[in-house]
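To start, the structure under review is shown below, and the notes come after it.
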Amino acid sequence: MVRAMRFELTEEQTLVQEMARTFAEREVAPRARALDKEGSWPSDLVAKMGELGLLGVAVPSELGGAGADNVSYALAMEEIARACASTSVIMSVNNSLVCDPLLKYGNDDQKARFLAPLAAGEKLGCFGLTEPASGSDASSMDTVAEEDGDHWVINGSKNWITNGPHADVMIVFAAHDRGAGSKGTTAFLVEKGTPGFNPQPRDHKLGIHAAHSCTVFFEGCRVPKANQLGDKGMGFKIAMSTLDGGRVGIAAQALGIARAALEEAVAYAKERKAFGEPIANKQAIQFMLADMAMELDAARLLTLRAATLKDKGVRHSKESAMAKLMASEVATKVAHKNIQIHGGYGYSTEYDAERHYRDARITEIYEGTSEIQRIVIAANVLKG
Ligand code: CAA
């Protein structure tokens, strides 16, 4: 059943959206093509996002954040992603995958030591769940944690860690009891510089070139018990509930990529002439634009519904999965059609169309593949 939702944005949500749009158009968009080509980490943009409150949008202001809500966060993510998908996922990981679980599960000491500087942009975070041999089957991990006095000792490896090469803090999930499945997992906060915490050189990927990710090795990494996040054995639930929020962020990222592609398609269709008139006059092009616009709006409504439920504190696993699934598949479709409308120019690296196409693709994979989203949706539908 669809629960009631409002369609008007509040004044605060509009202000956050406009602030993010202004920053994105003035400072992020002009850099996006070069960042992609060079694969360079946008350290100055990350610092500026911190100053603007964009790295802790839904964290209360007394804890270093912007004190806004998750709808505002989704709106801001869409604006940043419309300008540069790489910059937006750096933002998304810090907000959704690091600040959010610290806010929900961190104790006062952890909030003071980790959340406040992360939300203020003084530190950057990353999230370590995926491993070389387990992505979708997240609870079957090989990374282990053993108790040793007032420390935990972590051994293993995590990979595809977005922000990994630059992060100051990583939330790591490790098995303290491998026989206990999802109940044998605990979460830890590991600081950069801890002996045995070894981030590797960055990965080379199809898209989001400026958002660096890497493998991280844990070799006898001693973490104080004060850095255990949540209770022993709660790690898997922390990871899953965190991903419920993260999927709203990735859905919003996909919306931004799709919106950029649609806007470019519209502009090009009005300007490009064929057979004596702009191609925008051709029904073949109009039908493509109609589908692109309709699907983008549908994905946005699902995304804002999931963000609204998160703000209400209601479990939103199904709604987040629907938003992420729909928005990511729409982003890929819209980016594909944008290339088609641009013809040969769409295939050229001199235009942004091919970048959107490459960047959109990852949204169907990270934070749960489309197949995993369908599993989550189906499980909820069958539960009734
Ligand atoms: N919130 C709270 N608890 C949850 C939950 C949620 N959303 N989902 C599951 N749980 C709980 C269940 O209630 C269950 O608890 P009980 O045993 O007490 O009943 C427990 O967790 C185990 O649940 P399941 O049996 O459903 O778990 P599963 O092993 O079958 O896995 C899955 C379910 C949906 C497939 C899950 O493994 C999954 O989401 N996999 C995908 C992982 C993923 O998204 N990885 C992305 C990595 S991060 C990333 O990509 C970052 C980046 O680079 C940007």
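As the structure is a computational prediction, the values presented were derived from the model and not from experiment. Numbering of ligands and ligand atoms starts at 1, following listing order.
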* Please examine the side chains of Ile250 and Ser92, heavy atoms only from C-beta on, and report whether any two atoms are closer than 4.5 Å. =>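 Answer yes - side chains close enough.
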* Asked: Going by heavy atoms in the side chains, are Leu45 and Ile90 under 4.5 Å from each other?
  ->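 Answer no - side chains too far apart.
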In the protein, which heavy atom is nearest to [atom], and how far is it?
| atom | value |
| --- | --- |
| atom 42 (C) of ligand 1 | Gly135 O, 3.6 Å |
| atom 7 (N) of ligand 1 | Asp244 OD2, 2.8 Å |
| atom 9 (C) of ligand 1 | Met240 CG, 3.9 Å |
| atom 40 (N) of ligand 1 | Ser136 O, 2.8 Å |
| atom 44 (O) of ligand 1 | Arg247 NH2, 2.8 Å |
| atom 17 (O) of ligand 1 | Lys183 NZ, 2.5 Å |
| atom 46 (C) of ligand 1 | Glu367 CA, 3.5 Å |
| atom 13 (O) of ligand 1 | Lys237 CE, 4.5 Å |

Close approach, [X] and ligand 1, non-hydrogen under 4.0 angstrom:
| X | result |
| --- | --- |
| Leu97 | yes |
| Val376 | yes |
| Ser213 | no |

* To do: For the pair Tyr73 and Ser96, evaluate side chain to side chain donor-acceptor pair (under 3.5 Å) and give the outcome as yes or no after the intermediate values.
  => CA-CA 9 Å; Tyr73 165 57; Ser96 299; 2.6 Å; yes
* To do: Begin with the C-alpha distance, continue with both residues' side-chain angles, and end with the deciding distance and a verdict on salt bridge (Lys or Arg N to Asp or Glu O under 4.0 Å) for Asp100 and Lys104.
  => CA-CA 6 Å; Asp100 193 58; Lys104 206 161 159 194; 5.8 Å; no
If you look only at distance, which donor and acceptor atoms sit under 3.5 Å apart when one is on a side chain in residues 189-201 and the other is two or more places apart or in another chain?
{"from": "Thr194", "atom 1": "OG1", "to": "Glu191", "atom 2": "O", "distance (Å)": "2.5"}
{"from": "Asn198", "atom 1": "ND2", "to": "Glu219", "atom 2": "OE1", "distance (Å)": "2.4"}
{"from": "Gln200", "atom 1": "NE2", "to": "Asn198", "atom 2": "O", "distance (Å)": "3.0"}

Tell me whether [atom] lies less than 4.0 Å from at least one protein heavy-atom position.
| atom | value |
| --- | --- |
| atom 25 (O) of ligand 1 | no |
| atom 29 (O) of ligand 1 | yes |
| atom 33 (C) of ligand 1 | no |
| atom 19 (O) of ligand 1 | no |
| atom 52 (C) of ligand 1 | yes |

* Asked: For ligand 1, which part of Phe236 has a heavy atom less than 4.0 Å away: the side chain, the backbone, both, or neither?
  ->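 For Phe236, only side-chain atoms sit under 4.0 Å from ligand 1.
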* Asked: Relative to ligand 1, is Ile161 under 4.0 angstrom through side chain, backbone, both or neither, heavy atoms considered?
  ->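 No part of Ile161 comes within reach of ligand 1.
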* Asked: Can you say whether the rings of His212 and Trp41 are parallel (under 30°), tilted (30 to 60°) or perpendicular (over 60°)?
  ->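 Ring orientation, 0 to 90° scale: tilted.
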* Can you establish whether the number of heavy atoms outside Glu11 located under 6.0 Å from its atom CD is more than 12? =>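 Count not over threshold, so no.
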* When you look at CD of Glu263, are more than 12 heavy atoms from neighbouring residues, nucleotides or ligands closer to it than 6.0 Å? ->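 Yes - once you tally the heavy atoms of other residues, nucleotides and ligands closer than 6.0 Å, there are more than 12.
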* **Glu8 side, atom CD; Gln13 side, atom CD - distance, nearest 0.5 Å** =>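 Answer for the CD-CD pair, Glu8 versus Gln13, is 10.5 Å.
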* Lys333 side, atom NZ; His336 side, atom NE2 - distance, nearest 0.5 Å ->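 Between atom NZ of Lys333 and atom NE2 of His336 there are 10.5 Å.
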* To do: Name the option, out of Lys318, His316, Lys324, Arg315, that contains the heavy atom nearest to atom 6 (C) of ligand 1.
  =>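 Looking at heavy atoms only, the winner is Arg315.
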* To do: May I ask which of Thr162, Thr130, Thr242 has a heavy atom nearer to atom 47 (C) of ligand 1 than the others do?
  =>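 The nearest heavy atom belongs to Thr130.
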* Sequence neighbours left out, what pairs pass salt bridge (charged side-chain N to carboxylate O under 4.0 Å, His left out) with at least one residue falling in residues 124-139? =>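 Qualifying pairs: Glu131-Lys158.
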* **Working for side chain to side chain donor-acceptor pair (under 3.5 Å), residues Ser213 and Asp203** => CA-CA 6 Å; Ser213 65; Asp203 303 318; 2.6 Å; yes
